[in-house]
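Below is one structure, written out as structure tokens, with a few remarks after it.
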There are 2 protein chains.
Amino acid sequence: MSDTSLAELLRERGLRLTPQRQLILEAVHDLGHSTPEQVHHQVRERAAGVNITTVYRTLELLEELGLVTHTHLSHGSPTYHRVGEHEHVHLVCRSCGTSTGVDPAVVQPVADRLLDTRGFQVDIGHVSFFGLCAECREQS
Amino acid sequence: MSDTSLAELLRERGLRLTPQRQLILEAVHDLGHSTPEQVHHQVRERAAGVNITTVYRTLELLEELGLVTHTHLSHGSPTYHRVGEHEHVHLVCRSCGTSTGVDPAVVQPVADRLLDTRGFQVDIGHVSFFGLCAECREQS
DNA sequence: GTGCCTGCAAACTCTTTGCAATCCT
DNA sequence: AGGATTGCAAAGAGTTTGCAGGCAC
């Protein structure tokens, strides 16, 4: 069904449905959150010829279409994930690097307050918190 | 006084106090939040010969010493700022790119809750929210 | 004097761009 | 057929590393 909506969204704009675009969208859905390089790897398991350049261009396109979004976590690379029901807040551990998701409802009160006091509309799907996860806290 | 603590921290580790290190720390303090390149520019106004490499190495060192921290905002480059009283949460507008600071107390309740429910200790000095600022919301 | 630091240049990673060939519609 | 799309290679940002000379201590 995501393929259907992809095809429709593309057609609306006079763009084309290609195997690469289907595979890349599928990879983002399957992987949860992932960097362009991780998406590339995943896609290559199915279709070896797909170029990293195409991954970048397609992720940008999918973002314009509103099918995926990206967030900047700790290091350099952005991570992409699907748009939709499963939006989440990232908890990124600065020690071990792992990233877990929590229900965005947790930050809703803060988002509401910032909208009231500052007029700033927080994008709840893009929130990341850095810090220390439970395991790493125990070790130190 | 920050110079004093810099000197002490360095000496404790057998490291040396150099003009570059003083200038770079000062630049971070003066600039608020800034990228390595911005720090480099600021430092160069006082001492033209300082190399960008040194800026990178020194920022990393200052972070180890606990004098500065960095956050990843929207695009590629990280932004550094001093550690201390003036910690703040960043509100980054995805439309115009501006970044404003708010009192971290705003997210304290969320941080507390995440510590309770997940054991995750949020680093309040590193929080960034993406979204739309008041001005950009009006325009659309 | 010792060895930490710096500057320079080159290497590296991640991402973008130009262009000709290819493929969707 | 016709123009969007891809792959390849090269160019670009941003960052890191190696090494020889210089400087803090």
Side-chain angles (χ1 to χ4, degrees), chain A residues 3-4 6-25 27-28 33-44 46-65 67-68 70-80 97, chain B residues 3-4 6-25 27-28 33-44 46-65 67-68 70-80 97:
Chain A
D3 271 11
T4 306
L6 173 60
E8 285 172 4
L9 285 167
L10 289 170
R11 201 167 303 165
E12 283 173 11
R13 306 198 180 197
L15 303 178
R16 296 174 186 168
L17 179 63
T18 64
Q20 287 90 335
R21 288 176 175 170
Q22 292 178 61
L23 288 169
I24 289 167
L25 177 57
V28 173
H33 18 101
S34 46
T35 63
E37 197 189 357
Q38 289 171 323
V39 171
H40 186 214
H41 259 80
Q42 173 84 352
V43 169
R44 282 207 153 182
R46 294 241 208 139
V50 177
N51 196 282
I52 184 73
T53 302
T54 301
V55 173
Y56 278 103
R57 284 192 282 228
T58 302
L59 287 173
E60 189 181 349
L61 173 64
L62 294 176
E63 188 153 27
E64 278 177 29
L65 296 178
L67 295 173
V68 307
H70 78 276
T71 315
H72 287 269
L73 303 185
S74 41
H75 9 308
S77 296
T79 71
Y80 285 77
Chain B
D3 271 12
T4 306
L6 174 58
E8 284 172 4
L9 286 167
L10 288 170
R11 200 166 306 162
E12 282 173 10
R13 306 199 179 194
L15 303 177
R16 295 173 188 169
L17 179 63
T18 63
Q20 288 90 336
R21 288 176 176 172
Q22 291 179 62
L23 287 168
I24 289 167
L25 177 58
V28 173
H33 18 100
S34 46
T35 63
E37 198 187 356
Q38 290 171 322
V39 171
H40 186 212
H41 260 80
Q42 174 84 352
V43 169
R44 282 207 153 181
R46 294 237 209 143
V50 178
N51 196 280
I52 184 74
T53 302
T54 301
V55 173
Y56 278 104
R57 285 193 280 226
T58 302
L59 286 173
E60 189 182 350
L61 173 64
L62 293 176
E63 189 153 26
E64 277 176 27
L65 296 178
L67 295 173
V68 307
H70 78 276
T71 315
H72 286 269
L73 304 184
S74 38
H75 10 309
S77 297
T79 72
Y80 285 78

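Letters go in sequence order (proteins before strands), and every chain restarts at 1. Only this structure's heavy atoms are used, side chains among them; waters, hydrogens and symmetry mates stay out.
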Would you work out how much the helix from C:dG1-D:dC25 to C:dT25-D:dA1 bends between its ends, with each end axis defined by five base pairs, to 10 degrees?
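Terminal axis comparison yields 30°.
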In this structure, how many angstroms lie between the [atom2] atom of [N] and the [atom1] atom of [X], rounded?
X: A:E37; N: C:dT16; atom1: CD; atom2: P; result: 14 Å
X: A:L23; N: D:dG7; atom1: CG; atom2: C1'; result: 16 Å
X: B:E60; N: D:dT15; atom1: CD; atom2: P; result: 12 Å
X: B:H41; N: D:dG14; atom1: NE2; atom2: P; result: 12 Å
X: A:Q22; N: C:dC23; atom1: CD; atom2: C1'; result: 14 Å
X: B:E12; N: C:dC4; atom1: CD; atom2: P; result: 17 Å
X: A:E64; N: D:dT5; atom1: CD; atom2: P; result: 11 Å
X: A:Y56; N: D:dT6; atom1: OH; atom2: C1'; result: 17 Å

Tell me every residue that passes salt bridge (Lys or Arg N to Asp or Glu O under 4.0 Å) with A:R46, counting only those two or more places apart in sequence or in another chain.
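Per chain and number, A:R46 pairs via salt bridge (Lys or Arg N to Asp or Glu O under 4.0 Å) with A:E26.
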Partners passing salt bridge (Lys or Arg N to Asp or Glu O under 4.0 Å) against B:R11 (at least two apart in sequence or in another chain):
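Checked B:R11 against salt bridge (Lys or Arg N to Asp or Glu O under 4.0 Å); zero matches.
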Would you check if [X] and [Y] make a side-chain contact, meaning some heavy-atom pair closer than 4.5 Å?
X: A:R13; Y: A:E64; value: yes
X: A:L6; Y: A:L65; value: yes
X: A:V39; Y: A:V43; value: yes

Should we say atom CD of A:E60 is surrounded by more than 12 heavy atoms from elsewhere, each under 6.0 Å from it?
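No, not enclosed.
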Reported OG1-to-CZ distance for the pair A:T18 and A:R21, which is rounded to 0.5 angstrom
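Nearest 0.5 Å value for the OG1-CZ distance: 5.0 Å.
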Donor-acceptor list for residues 47-55 of chain B side chains, cut-off 3.5 Å, not counting sequence neighbours:
{"residue": "B:N51", "atom": "OD1", "partner": "B:T53", "partner atom": "N", "Å": "2.8"}
{"residue": "B:N51", "atom": "OD1", "partner": "B:T53", "partner atom": "OG1", "Å": "2.9"}

Name all residues meeting the side chain to side chain contact (heavy atoms under 4.5 Å, CB included) criterion together with B:R44; count only those two or more places apart in sequence or in a different chain, and write none if there are none.
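Testing B:R44 for side chain to side chain contact (heavy atoms under 4.5 Å, CB included), a comparison that skips the adjacent residues, returns B:H40.
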Distances for protein N or O near nucleotides 5-9 of chain C N or O, under 3.5 Å:
{"residue": "C:dC5", "atom": "OP1", "partner": "B:R16", "partner atom": "N", "Å": "2.7"}
{"residue": "C:dC5", "atom": "OP1", "partner": "B:R21", "partner atom": "NH1", "Å": "2.8"}
{"residue": "C:dC5", "atom": "O5'", "partner": "B:R21", "partner atom": "NH1", "Å": "3.1"}
{"residue": "C:dC5", "atom": "O5'", "partner": "B:R21", "partner atom": "NH2", "Å": "3.0"}
{"residue": "C:dT6", "atom": "OP1", "partner": "B:T18", "partner atom": "OG1", "Å": "2.9"}
{"residue": "C:dT6", "atom": "O3'", "partner": "B:Q20", "partner atom": "NE2", "Å": "2.9"}
{"residue": "C:dG7", "atom": "OP1", "partner": "B:Q20", "partner atom": "NE2", "Å": "3.3"}
{"residue": "C:dG7", "atom": "OP1", "partner": "B:G49", "partner atom": "O", "Å": "3.3"}
{"residue": "C:dG7", "atom": "OP2", "partner": "B:N51", "partner atom": "N", "Å": "3.3"}
{"residue": "C:dG7", "atom": "OP2", "partner": "B:T54", "partner atom": "OG1", "Å": "2.6"}
{"residue": "C:dG7", "atom": "N7", "partner": "B:R57", "partner atom": "NH2", "Å": "2.8"}
{"residue": "C:dG7", "atom": "O6", "partner": "B:R57", "partner atom": "NH1", "Å": "3.3"}
{"residue": "C:dG7", "atom": "O6", "partner": "B:R57", "partner atom": "NH2", "Å": "3.0"}
{"residue": "C:dA9", "atom": "N6", "partner": "B:T53", "partner atom": "OG1", "Å": "3.3"}

